[in-house]
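Below is one structure, written out as structure tokens, with a few remarks after it.
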There are 2 protein chains.
Amino acid sequence: MGAGSRYDGEVLAALRREDRFRSCQEVHALIADSRGGPQRPPSLSTVYRTLHRLAREGEVDTIQSEDGERLYRRCETPSHHHLLCRVCGHAQEVPHARELRTVLTRVERSTGFTGLAYSLEFAGVCPDCA
Amino acid sequence: MGAGSRYDGEVLAALRREDRFRSCQEVHALIADSRGGPQRPPSLSTVYRTLHRLAREGEVDTIQSEDGERLYRRCETPSHHHLLCRVCGHAQEVPHARELRTVLTRVERSTGFTGLAYSLEFAGVCPDCA
DNA sequence: GAAGATTATGATAACCGTTTTCATTTTGGC
DNA sequence: GCCAAAATGAAAACGGTTATCATAATCTTC
């Protein structure tokens, strides 16, 4: 095959390990940690390249953190509604998705914009951290 | 007073000149352009500092562009719903704001999260550019 | 209005996440 | 095994942002 990386599996596994957005460097560190023995982890460059490609292929979602880092998360659903905890970083899907979608579709129709995409990000403190 | 800049007015005027998000460097260039004579524009550092402070004070909204730039816009309403044209960069408020707010508030209540803030960004091609 | 303290400014360097470069290694086809 | 094509690693380059620090402007108090 043409466009694969030896490390796709490990990168996706690292992202799946916990339900939150991770920076590329976090992913790199996670992979390094999960290798006990003498195995060498992929280089940082490779992790950057792999995440970049996975994002382009739609396998992972990306958002920009407030300080300009790009964060990645395994893409579970085509919708892009996330609820982030500012303290622990936990990310979950936003409930009421259908209701939201209804309103958002209505917005799309009434604006005349085409090729519309939206991203909705919530940030707060989750019950566990409060 | 303690926390003012000589250039607040010019920075805000530059942001008001068109209804779109602008990078700090764009703002800097706009100010420089709007000065015909021998007047020296503020330095880039000062524009960075001024925008940073205005954002902290809630005078301007900020978003992160896809390639990691921080973009600023005059804050017209406390809500953060924007509709961006990918071609011309025009930004407008999203209609159906009240409906949206209702759903979003419902989301807040049912998640148990506290200190919730959200940002909703639409991107598409506006009728003029289509 | 002058003297001294405080704050803002400008030029430049430092920072840091990301991307590019390129030599080397690995992979795939024959 | 041999050759072409693709992936990898290490380090340099990049670009937006922030920190540093000397200088200039502003404010306070007399």
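All values below were derived from every heavy atom in this structure, side-chain atoms included, with hydrogens, water molecules and symmetry-related copies excluded. Every chain is numbered from 1, with letters handed out A, B, ... down the list of sequences. What you see is a predicted model; the values in this text were computed from it and never measured.
- Residue B/R53 contributes atom CZ, which lies 14 Å from atom P of D/dT18 at whole-angstrom precision.
- The distance from atom NE2 of B/H52 to atom C1' of D/dA19 is 12 Å, rounded to the nearest whole Å.
- Side-chain atoms of A/Y7 and A/I31, non-hydrogen and from C-beta on, never get closer than 4.5 Å to each other.
- Closest to the B/R49 side chain, of the nucleotides C/dT18, C/dT26, C/dT9, is C/dT9.
- Atom pair A/L44:CG and D/dG9:C1' shows a separation of 11 Å (rounding to whole Å applied).
- Taking the side chain of A/R40 as heavy atoms from C-beta on, and the options C/dA11, D/dA10, D/dG16, the nearest nucleotide is D/dA10.
- Between the P atom of C/dT19 and the CZ atom of A/R56 lies a distance of 11 Å, rounded to the nearest Å.
- Per the geometry, CG belonging to A/D67 stands 9 Å off P belonging to D/dT18, to the nearest Å.
- For C/dT9, the OP1/OP2 oxygens have no side-chain nitrogen or oxygen of B/S45 closer than 4.0 Å.
- With distances taken from any side-chain atom of B/Q25 to the nucleotides C/dT19, D/dT8, D/dT17, the minimum falls on D/dT17.
- For the pair B/R22 CZ and D/dG16 P, the interatomic distance rounds to 16 Å; values are reported in whole Å.
- A donor-acceptor contact closer than 3.5 angstrom links the side chains of A/Q25 and A/Y48.
- Mapping A/P41 and B/R6 onto DNA chain D by nearest heavy atom places A/P41 at the nucleotide closer to the 5' end.
- Distances shorter than 4.0 Å separate none of the side-chain N or O atoms of B/S43 from OP1 or OP2 on C/dT9.
- Comparing C/dG17, D/dG9, C/dG10 by their closest approach to the side chain of A/P42 singles out D/dG9.
- With A/C24 as the partner, the side chain to side chain contact (heavy atoms under 4.5 Å, CB included) test is satisfied by one option alone out of A/V11, A/L71, A/L51, A/T50: A/L51.
- Residue A/S5 places at least one side-chain N or O under 4.0 Å from the OP1 or OP2 atom of D/dT8.
- Regarding A/E66, its CD atom lies at a distance of 19 Å from the P atom of C/dC16, rounded to whole Å.
- Atom CZ of B/R70 and atom P of C/dT18 are 13 Å apart (whole Å).
- Formation of a donor-acceptor pair under 3.5 Å by the A/E26 side chain with backbone atoms of A/S23 is found in this model.
- At least one test fails for A/R22 against the ring of A/Y72: distance under 6.0 Å to the centre or angle within 45° of the axis.
- Closest to the side chain of A/Y48, out of C/dG10, C/dT19, D/dT8, is C/dT19.
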